[in-house]
Colleague: 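The structure is given below, and queries will be raised subsequently.
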Protein chains: 2
Amino acid sequence: MRYKTDLEAMVLAALGDGPAHGYGIVRTIRARSEGVLKMGEGQLYPILHRLEEEGLVGGDWEMQDGKPPRKVYTLTEAGHGALESRQREWGAFANAVARVFSKKHEAEAAYDHGAPSLEVRHA
Amino acid sequence: MRYKTDLEAMVLAALGDGPAHGYGIVRTIRARSEGVLKMGEGQLYPILHRLEEEGLVGGDWEMQDGKPPRKVYTLTEAGHGALESRQREWGAFANAVARVFSKKHEAEAAYDHGAPSLEVRHA
DNA sequence: ACATTATATATCATAACGCGATATATGTCA
DNA sequence: TGACATATATCGCGTTATGATATATAATGT
């Protein structure tokens, strides 16, 4: 079934607007989701390293004075493509879940009707 | 972060329209999601047993001739309540993910890197 | 006659992964 | 002094998804 807990996709999405470093990505996801999604650093860094290894993101160290150095990650071309396909997959998945939750199932086994439009809306 | 892999909620949803047995639940989920969600029996039965133990569903054995006996599960009152709250949780979660994917982020927390960005603050 | 598929429940091993704790290092503020 | 924010990183624990396997009968296919 794979109700996939796709933290990778969230990280890619957070990098969609431009480069960012790990600590910032965590806050971005928290901010955009208005506190609903809380990714811990323990999950983020392994994901970031895997994405880098897979060539979906590139990382560059950046020195700062008065603060620890940080590694700024940027989506590669492959990364942008991955983001798009992940987003499409999420859409299909979310619609599927919405259909299972839906209380109207007239045409469940009857015939093949057009694609039901149960969109996931965001504020 | 809890990108919750809520197969339980799918099972509750499948029972929302009325009693069903395990094998039927699998097919219901598959049908309603138009093949996107494919739950295996290996996941279903443990979930069903747990739900029964928690009092969210009740199970009654039903004999059939020519076919194996089957256990028909029915949502309890508590089960109906759980279904509703799970659905609400899913909605909040799905909207949060959609927001993270979304490309419009007016009032995002500034996570300074490179060029300073204009923070649009609206009352 | 034999094999596959459908109905139907159930368990198990493995791998993957979320989660929280922990470590390291520096600067600021009370 | 102690707490908090910035910043990266690893580790163990427990949960869980996945696929394989087992059992049993009937219908269908070759």
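Not measured: the values here are computed from a predicted model. Lettering of chains follows the sequences in order, A, B, ..., and the numbering in each one begins at 1.
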Colleague: Please give, in whole Å, the distance from dT5(C) P to Arg27(B) CZ?
Modeller: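 Atom CZ in Arg27(B) sits about 17 Å away from atom P in dT5(C).
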Colleague: Among the candidates dT10(D), dA17(D), dT11(C), find the nucleotide nearest to the side-chain atoms of His49(A).
Modeller: dT10(D)
Colleague: Starting at CH2 of Trp90(A), measure out to CG of Asn95(A) and round the result to the nearest 0.5 Å.
Modeller: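 If I round to the nearest 0.5 Å, the distance is 10.0 Å.
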Colleague: Between C1' on dT16(D) and CG on Leu7(B), what's the gap in Å once rounded to a whole number?
Modeller: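 Interatomic distance, CG of Leu7(B) to C1' of dT16(D): 8 Å.
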Colleague: Would you confirm whether Thr76(A), through its side chain, and Gly55(A), through its main-chain N or O, come within 3.5 Å as a donor-acceptor pair?
Modeller: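 Side chain of Thr76(A) to backbone of Gly55(A), a donor-acceptor pair under 3.5 Å: yes, one is there.
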Colleague: Atom CD1 in Ile47(B), atom CG in Leu7(B): separation rounded to 0.5 Å?
Modeller: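 So the gap between those two atoms works out to 4.5 Å.
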Colleague: Looking only at side-chain N and O atoms, does Tyr23(A) come under 4.0 Å of OP1 or OP2 in dT6(D)?
Modeller: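 The answer is yes; a side-chain N or O of Tyr23(A) sits under 4.0 Å from OP1 or OP2.
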Colleague: Tyr73(B) has an atom OH; how far is it from atom C1' of dA8(C), in whole Å?
Modeller: 11 Å
Colleague: The side chain of His21(A) is closest to which nucleotide in this list: dT8(D), dA8(C), dA9(D)?
Modeller: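 Selected nucleotide (nearest to the side chain): dT8(D).
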Colleague: With rounding to the nearest 0.5 angstrom, report the CG to CG distance, Leu56(B) to Leu51(B).
Modeller: 5.5 Å
Colleague: Thr28(A) side chain to Gly24(A) main-chain N or O, any donor-acceptor pair under 3.5 Å?
Modeller: yes
Colleague: Start with the C-alpha distance between Asp60(B) and Tyr73(B), add both sets of side-chain angles, then the distance that settles side chain to side chain contact (heavy atoms under 4.5 Å, CB included), and finish with yes or no.
Modeller: CA-CA 6 Å; Asp60(B) 297 290; Tyr73(B) 293 93; over 6 Å; no
Colleague: Ignoring hydrogens and geometry, is there a side-chain-to-backbone donor-acceptor pair from Arg99(B) to Ser33(A) under 3.5 Å?
Modeller: yes
Colleague: Can you tell me the distance, in whole Å, between the CD atom of Glu8(B) and the C1' atom of dT15(D)?
Modeller: 12 Å
Colleague: Any base atoms under 4.0 Å from Arg50(A), or only sugar-phosphate, or nothing? Heavy atoms, all strands.
Modeller: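 The residue Arg50(A) makes no contact with any strand.
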Colleague: Listed by chain and number, what are the side-chain contact (heavy atoms from CB on, under 4.5 Å) partners of Glu84(B), not counting sequence neighbours?
Modeller: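 For Glu84(B) the side-chain contact (heavy atoms from CB on, under 4.5 Å) partners, ignoring immediate neighbours, are Arg88(B).
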Colleague: State which of dT10(D), dG18(C), dA8(C) makes the closest approach to the side chain of Tyr45(B).
Modeller: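 The answer is dA8(C), which lies nearest to the side chain.
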Colleague: Taking atom P of dA10(C) as reference, at what distance in whole Å does atom CZ of Arg70(B) sit?
Modeller: 14 Å
Colleague: As a test of reading the structure: which of dG18(C), dA17(D), dT10(D) is closest to the side chain of Pro46(A), going by heavy atoms?
Modeller: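 Among the listed nucleotides, the one closest to the side chain of Pro46(A) is dT10(D).
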Colleague: If only atom types and distance count, is the side chain of Arg70(A) paired as donor or acceptor with the main-chain N or O of Glu62(A) below 3.5 Å?
Modeller: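 No; judged by distance alone, with no hydrogens or angles, the pair does not exist.
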Colleague: dC12(C) P sits how many Å from Gln43(B) CD, rounded?
Modeller: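 The answer, rounded to whole Å, is 16 Å.
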Colleague: Treating primed atoms plus P, OP1 and OP2 as sugar-phosphate and everything else as base, which nucleotides of nucleotides 21-30 of chain C get B, S or - for protein heavy atoms under 4.0 Å?
Modeller: B---B-S---
Colleague: Hey, can you pull the residues of residues 51-64 of chain B with a non-hydrogen atom under 4.0 angstrom from DNA chain C?
Modeller: Trp61(B), Gln64(B)
Colleague: For Met39(A) and dC19(C), give me the distance from atom CE to atom C1', rounded to whole Å.
Modeller: 13 Å
Colleague: Just the rounded figure in Å: distance from C1' of dT7(C) to CZ of Arg30(B).
Modeller: 14 Å
